[in-house]
Amino acid sequence: MPVPAPTDRDSANQDSAENAVAEGDGAKGSPAAGAAQAPPALLERLAAVQGMGPGRRRLVVLLPQLGDFDSLEYAQALAGALPQLEAAGIALLAIGIGNQESRERFCAFTGFPRERLLVDAEPQLHQALGLYAGLTQAGGPWPNLLLMCAGIGSPGTLAEVLRGYTGDRSAPQRIADDETIQAGPLPPIRGSFFARAGGSGFLRPFELATVRLQNMAEVLGHWRTYVPRDDFLTQRGGTFLLETDDSLLYRHLDQGILGFSATMARPLGFLDPWLG
């Protein structure tokens with residue numbers, strides 16, 4: 001069975017260590033003395049985007065393909081946090097892999113603000129920032145994607161899938177009791193169903209799995225809109241929080257599918273020191 005090349009694994013370990021340093025700095029609410037500057041390739045891209053230059057804090061999210069599990073789930077979380085980000089004076093920008101048609105459908109479905117999303121046909125910025133390209137074994141993007149979904153070259157994926165089915169008392173509730181959700185081939189499901197099955201106020205069994213099924217049904221029903229090309233199915237993303245002087249407050253480099261946050265129970269928990 002194919003496995004990641006040793007260089008990929010070494011890179012993943014190095015990135016994890018670097019992420020931990022960035023998180024440690026961020027927990028103090030300000031960059032550590034001598035904090036690293038944001039990558040030049042990222043700063044160059046931001047210089048061309050109005051309102052994303054130095055002088056304010058900026059949250060920049062590099063998304064995988066717009067039809068990726070991670071892209072939809074992360075965008076939905078960010079859309080819900082927009083009022084807090086704006087109140088804290090943090091400018092938000094996401095850059096994903098797709099085209100203008102992808103962008104329109106993605107924003108309409110997730111609620112992510114259209115003006116805060118840029119799209120690239122190819123992951124050139126992802127590559128310049130050293131983001132994980134995923135498995136690149138012989139056979140092409142689809143076999144590699146399926147292997148990653150099975151946890152090969154994608155640490156944490158299986159555990160995160162399992163959490164979607166078993167629930168998580170440390171994570172917030174995702175579906176309101178009075179909400180109705182249509183998830184793929186299943187009949188409409190009322191949020192009260194999960195309350196009867198497990199209670200309220202936390203992530204109940206099958207609740208997150210149902211949200212993910214709804215996302216999957218949306219993407220599969222409009223596949224070529226979301227994913228114009230299959231070439232970059234395994235490409236992962238990353239998160240960068242920049243201080244006003246372009247130093248890095250926080251960084252997370254995704255190492256696998258459903259790994260867009262170091263704390264998936266609360267994907268935006270890293271922002272706590274700056275949201276007040």
Where do R163 and E207 land on the salt bridge (charged side-chain N to carboxylate O under 4.0 Å, His left out) test, with the steps shown first?
CA-CA 10 Å; R163 190 177 72 92; E207 184 177 5; over 6 Å; no
Kindly work out whether a path of hydrophobic side-chain contacts (I/L/V/M/F/W/Y, heavy atoms less than 4.5 Å apart) joins [X] to [Y].
X    : Y    : value
F69  : L146 : no
M216 : F109 : yes
L220 : W142 : yes
V49  : I97  : no
F260 : L82  : yes

Decide whether D245 and Q37 meet the rule of one side-chain donor and one side-chain acceptor closer than 3.5 Å.
no
Under 3.5 Å, is there a donor-acceptor pair between the E218 and Y226 side chains?
yes
Which atom names give the shortest non-hydrogen contact between [X] and [Y], and what distance separates them?
X    : Y    : result
I175 : G191 : CG2-CA, 3.8 Å
V219 : G67  : CG1-O, 3.5 Å
G201 : Q173 : N-OE1, 2.7 Å
L135 : I152 : CD1-O, 3.4 Å
D70  : G259 : OD2-N, 3.2 Å
L131 : G237 : CD1-C, 3.7 Å

Tell me if a side-chain donor or acceptor on [X] pairs with a main-chain N or O of [Y] at a distance below 3.5 Å.
X    : Y    : result
T234 : L145 : no
T110 : F112 : yes
R103 : R114 : yes
R190 : D178 : yes
R56  : P54  : no
T263 : G269 : no
N144 : G140 : yes
R57  : A91  : no
T244 : G55  : no
H126 : G238 : no

Side chain to side chain contact (heavy atoms under 4.5 Å, CB included) evaluation trace for L42 with V60:
CA-CA 9 Å; L42 182 60; V60 186; 3.8 Å; yes
For I189 and T180: C-alpha separation, side-chain torsions, deciding distance, then whether side chain to side chain contact (heavy atoms under 4.5 Å, CB included) applies.
CA-CA 5 Å; I189 301 172; T180 299; over 6 Å; no
Show me the pairs that pass ring-ring contact (aromatic ring centres under 6.0 Å, His included) and involve residues 166-221, at least two apart or across chains.
Y165-F206
Heavy atoms, side chains only, cut-off 4.5 Å: are [X] and [Y] in contact?
X    : Y    : result
R251 : L253 : yes
P228 : S102 : yes
I257 : C149 : yes

Atom [atom1] of [X]: over 12 foreign heavy atoms under 6.0 Å:
X    : atom1 : result
R224 : CZ    : yes
E44  : CD    : no
Q50  : CD    : no

May I have the step-by-step check of side chain to side chain contact (heavy atoms under 4.5 Å, CB included) for L59 and W274, ending in yes or no?
CA-CA 11 Å; L59 174 60; W274 296 280; over 6 Å; no
Working to the nearest 0.5 Å, report the span between [atom1] of [X] and [atom2] of [Y].
X    : Y    : atom1 : atom2 : result
R58  : L85  : CZ    : CG    : 14.0 Å
D254 : L62  : CG    : CG    : 9.0 Å
Q235 : L63  : CD    : CG    : 11.5 Å
L241 : H252 : CG    : NE2   : 14.0 Å

What's the verdict on side-chain hydrogen bond (donor to acceptor under 3.5 Å, both in side chains) for S261 and Y74, showing C-alpha distance, side-chain angles and the deciding distance?
CA-CA 9 Å; S261 173; Y74 202 175; over 6 Å; no
Taking it one step at a time, do D177 and S200 satisfy side-chain hydrogen bond (donor to acceptor under 3.5 Å, both in side chains)?
CA-CA 8 Å; D177 291 349; S200 296; 3.3 Å; yes
Is [Y] paired with [X] through a side-chain N to carboxylate O contact shorter than 4.0 Å?
X    : Y    : result
E160 : R212 : yes
R45  : D120 : yes
R229 : E122 : yes

Should R204 and D168 be marked as a salt bridge (charged side-chain N to carboxylate O under 4.0 Å, His left out) after you check the CA-CA gap, both sets of side-chain angles, and the distance that decides it?
CA-CA 7 Å; R204 288 75 58 88; D168 184 348; over 6 Å; no
Working note: N215 + Q76, criterion side-chain hydrogen bond (donor to acceptor under 3.5 Å, both in side chains); need CA distance, chi angles, decisive distance, verdict.
CA-CA 10 Å; N215 289 347; Q76 288 163 337; 3.0 Å; yes
Just do the side chain to side chain contact (heavy atoms under 4.5 Å, CB included) check on L66 and V227 with the steps written out, would you?
CA-CA 7 Å; L66 293 187; V227 184; over 6 Å; no
